[in-house]
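Data first, discussion second: the structure below is written as structure tokens.
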Amino acid sequence: MGLSLYNTATHTKDPFEPLVPDTVGMYVCGPTVYDLAHIGNARPAVVFDVLYRLLKRQYKNVTYVRNITDVDDKIIDAAKRNDETIESVTARTSKAYHEDMAELGAMQPDIEPRATAHLPQMIEMIQNLIDLGNAYEAEGHVLFAVAEFADYGKLSRRNRDEMLAGARVEVAPYKRDGADFVLWKPSTDDQPGWESPWGRGRPGWHIECSAMSNQYLGKTFDIHGGGQDLIFPHHENEAAQSACAHDGAPLARYWVHNGFITIDGEKMAKSVGNVRSVRQLLESHRGETIRLAMLGTHYRKGLDWTDSALKLADKALDKWYEAVKDVDADTGSADHIDPAVDAALNDDLNTPQAITALHALASDAWAGNAEAAVKLRTSAQLLGLLGQDSESWFHSHVGVTLDETKIDAMVEARNAARAARDFAEADRIRGELESAGIALEDSAGKTYWKRSG
RNA sequence: GGCCAGGUGGCGGAGUGGCUACGCAGCGGCCUGCAAAGCCGUGAACACCGGUUCGAAUCCGGUCCUGGCCUCCA
């Protein structure tokens with residue numbers, strides 16, 4: 001079963017063939033580190049993590065690059081606002097990003113380049129574009145000359161005339177063409193800056209991805225991913241710069257974009273005041289629950305984030321962890337992967353379909369099919385789920401108030417009461433645990449407890 | 001205004017021509033000291049109007065509605 005991916009460049013689901021056999025390069029636009037990651041930042045991290053896991057299974061050499069943008073005006077603003085240095089803002093928020101993504105079960109990319117560590121490469125590429133006549137210097141800025149690149153607008157399917165007609169911002173007077181965009185801009189003394197042939201300044205937003213992807217993955221690589229909002233202008237501009245700098249070689253072969261998240265049907269935005277940080281969600285939900293809730297909708301669709309979706313995910317995980325109770329967490333062997341899960345994922349990452357197949361396995365496992373339980377464990381791990389022991393899943397919860405030794409003692413006391421047929425006492429203990437958020441389950445001679453609510 | 005996605009049962013969510021997923025919730029039952037979980041059974045949908053076809057949620061045309069982008073944004 002071969003992988004196919006919906007390619008924004010062709011608008012069709014295309015069979016995936018790497019440029020070099022057995023070798024895949026994937027570049028995903030990572031966070032601008034100026035604030036805590038919100039769930040919109042988390043979606044691509046989780047979606048491309050699933051793709052990464054899938055690719056690693058099928059190809060020998062997979063290189064996953066996800067950048068960290070640590071030079072940006074939003075960072076400058078945040079530093080001013082918090083009366084904090086820029087380095088402190090970027091160090092603090094990228095650390096938080098790593099912690100939060102790890103909680104969601106997202107693996108670290110192979111390479112995580114930082115923009116500020118690649119200034120020489122960016123400057124070189126910009127100079128190269130000037131030399132080739134694709135960029136020009138004007139009032140301390142360097143601008144990309146859109147008119148010199150015939151394919152500009154192809155990826156995002158828009159033409160320059162329409163864009164200019166719809167433009168809602170003043171066009172800077174030094175631009176030759178209203179659509180020209182900044183490769184380099186001057187910095188004032190209180191802004192971060194680097195020496196360059198055009199004076200002290202800093203890079204425009206798009207150039208870092210072109211320079212860094214070139215360094216780690218080469219002129220043309222296989223998969224370029226990110227959120228849908230990046231198609232224009234970010235990816236359009238990256239593609240234009242890179243193609244011009246590389247004699248027309250296309251930047252990426254498959255462009256993969258995830259859809260947006262809304263909150264209770266509304267756009268998530270600072271102006272609406274409904275931005276949910278991952279950190280905040282982790283206060284009341286386990287990371288794995290958030291991850292499953294995210295994978296419950298196909299990645300290209302809009303995802304409405306609601307409490308009921310989280311409850312659904314939590315419930316499903318309870319059921320699955322119960323079904324794989326007797327299967328070690330690290331049983332994973334490719335032989336046990338369910339073909340239906342595999343097929344669903346290979347079909348443009350159809351995670352909802354894969355989840356359906358997991359439900360079917362859980363049913364079989366519940367019916368006593370031990371092989372199905374093993375398959376459930378190993379197949380779920382393709383989606384980065386069911387990676388922990390069932391007991392630690394059930395016992396883990398946020399806001400723990402009772403310690404486990406005490407719970408175990410109470411469970412024992414209750415079982416003693418049950419054995420003595422003192423059901424009033426047994427129920428009293430059950431009630432006490434319940435009000436502390438602990439649910440008991442008597443099954444097959446053993447009593448399990450788990451966190452509820 | 002331009003471009004791009006969508007509109008599926010009470011809710012979530014797959015499905016590109018026929019076999020009417022799946023999960024949650026509901027209803028009836030089995031099981032259980034109680035409970036939970038599980039199991040069996042069950043009702044319920046394809047925005048609207050035309051068209052193509054033996055047959056359409058699925059293809060074509062139109063209408064209405066929703067979201068995103070066009071400016072920083074995952």
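Here is how names work: the chains are called A, B, and so on, in the same order as the sequence lines, proteins then strands, and each is numbered from 1.
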Not counting sequence neighbours, list each pair that qualifies as a ring-ring contact (aromatic ring centres under 6.0 Å, His included) and has a residue in residues 294-313 of chain A.
none
Could you check whether A/F394 and A/Y448 have their ring centres less than 6.0 Å apart?
no
Set of ring-ring contact (aromatic ring centres under 6.0 Å, His included) partners for A/Y174, sequence neighbours left out:
A/H141
For B/G6 and A/H298 - does any side-chain N or O of the residue sit under 4.0 Å from the phosphate oxygens OP1/OP2?
no
Once you apply a heavy-atom cut-off of 4.0 Å, does A/L440 come out as touching a base, just sugar-phosphate, or nothing?
base
Can you tell me, in whole Å, how much space there is between the P of B/A56 and that of B/C49?
14 Å
If you measure from the C1' atom in B/G29 to the same atom in B/G68, how many Å do you get, rounded?
48 Å
Residues 290-307 of chain A vs salt bridge (charged side-chain N to carboxylate O under 4.0 Å, His left out), sequence neighbours excluded, gives A/D49-A/R291, A/R300-A/D348
C1' atoms of B/A74 and B/C60, separation to the nearest Å
36 Å
Taking atom types as they are modelled, would you say the side chain of A/D304 forms a donor-acceptor pair with the base of B/G12 within the 3.5 Å cutoff?
no
Output row for RNA chain B, stems defined as at least 3 consecutive Watson-Crick or G-U pairs under 3.5 Å, is B:1-7 with B:64-70, B:10-12 with B:22-24, B:26-30 with B:38-42, B:47-51 with B:59-63
When the C1' atoms of B/A37 and B/C24 are considered, how many whole Å apart are they?
15 Å
Quantified in whole Å, what is the P atom distance between nucleotide B/C4 and nucleotide B/G43?
43 Å
Would A/E99 and A/K95 pass as an ion pair if we require N to O under 4.0 Å?
yes
Nucleotide of B/C3, B/G33, B/A74 approaching A/R157 most closely (side-chain heavy atoms):
B/C3
For A/F48, what residues pass the ring-ring contact (aromatic ring centres under 6.0 Å, His included) criterion, not counting sequence neighbours?
none
Can you tell me whether the side chain of A/R430 and the base of B/G33 have a donor-acceptor pair closer than 3.5 Å?
no
Side chain of A/F260 (C-beta onward), nearest among B/G13, B/A74, B/G33
B/A74
If only side-chain N and O atoms of A/W449 are considered, is one of them under 4.0 Å from the OP1 or OP2 phosphate oxygen of B/A36?
no
Whole angstroms only, please: what is the NZ-P distance between A/K325 and B/A37?
13 Å
Measure from CG on A/N7 to P on B/A5 and round the result to the nearest Å.
13 Å
For A/T116 and A/D70, which I'm curious about, is there any donor-acceptor pair between the side chains at under 3.5 Å?
yes
Taking RNA chain B as the partner, which of residues 65-75 of chain A come within under 4.0 angstrom of it by heavy atom?
A/K74
Between B/G38, B/G13, B/C34, which one does the side chain of A/T297 approach most closely?
B/G13
Would you indicate which nucleotide in B/G13, B/G33, B/A74 comes nearest to any side-chain atom of A/F423?
B/G33
For A/T63 and A/D110, test the side chains for any donor-to-acceptor distance below 3.5 angstrom and give the result as yes or no.
no
Which listed nucleotide (B/G33, B/C72, B/G68) is nearest to the side chain of A/K267?
B/G68
Side-chain donor-acceptor distances from residues 226-236 of chain A under 3.5 Å, at least two apart:
| unit_1 | atom_1 | unit_2 | atom_2 | d |
| --- | --- | --- | --- | --- |
| A/H234 | ND1 | A/H206 | ND1 | 2.9 |
| A/H234 | NE2 | A/E238 | OE2 | 2.7 |
| A/H235 | ND1 | A/H257 | NE2 | 2.8 |
| A/H235 | NE2 | A/H224 | NE2 | 3.2 |
| A/E236 | OE1 | A/L155 | N | 3.4 |
| A/E236 | OE1 | A/S156 | N | 2.7 |
| A/E236 | OE1 | A/S156 | OG | 2.6 |
| A/E236 | OE2 | A/G153 | N | 2.8 |
| A/E236 | OE2 | A/K154 | N | 3.4 |

Could you check whether A/M294 gets within reach of a base, just the sugar-phosphate, or nothing at all, counting any heavy atom under 4.0 Å?
nothing
Nucleotide B/A35, atom P - distance to CG of A/L433 in whole Å:
18 Å
Could you tell me how far B/C11 sits from B/C46 if I compare only their P atoms? Round to whole Å.
13 Å
Can you check the distance between B/A5 and B/G10, where both ends of the measurement are the P atom (answer in whole Å)?
29 Å
With a non-hydrogen cut-off below 4.0 angstrom, is A/G302 in contact with a base, only sugar-phosphate, or nothing?
nothing
It should be established whether A/K301 places a side-chain nitrogen or oxygen under 4.0 Å from OP1 or OP2 of nucleotide B/G68.
no
Does A/S308 have a side-chain nitrogen or oxygen under 4.0 Å from the phosphate oxygens OP1 or OP2 of B/G12?
no
Sequence neighbours left out, cut at 3.5 Å: what donor-acceptor pairs do the side chains of residues 363-376 of chain A make with other protein atoms?
| unit_1 | atom_1 | unit_2 | atom_2 | d |
| --- | --- | --- | --- | --- |
| A/N369 | OD1 | A/E371 | N | 3.0 |
| A/N369 | OD1 | A/A372 | N | 3.0 |

Distance-only donor-acceptor check, side chains A/Q381 and A/T378, under 3.5 Å
no
Whole angstrom is fine here: how far is it from CG in A/L230 over to P in B/C69?
11 Å
Counterpart residues, ring-ring contact (aromatic ring centres under 6.0 Å, His included), relative to A/H359 (two or more places apart)
A/W320
Provide, to the nearest angstrom, the distance between the NZ atom belonging to A/K13 and the P atom belonging to B/A5.
14 Å
By salt bridge (Lys or Arg N to Asp or Glu O under 4.0 Å) - contacts of A/E266 (at least two apart):
none
From B/G33, B/C69, B/A74, pick the nucleotide closest to the side chain of A/N41?
B/A74
Which residues pass the salt bridge (Lys or Arg N to Asp or Glu O under 4.0 Å) test with A/K325, not counting sequence neighbours?
A/E322
Rounded to whole angstroms, how far apart are CG on A/L292 and P on B/G13?
13 Å
What string of B, S and - do you get for nucleotides 17-26 of chain B, 5' to 3', if B is base contact, S is sugar-phosphate-only contact and - is no contact with any protein heavy atom under 4.0 Å?
----BSSSS-
What's the gap between B/U53 and B/G15 when it is taken at their P atoms, as a whole Å value?
28 Å
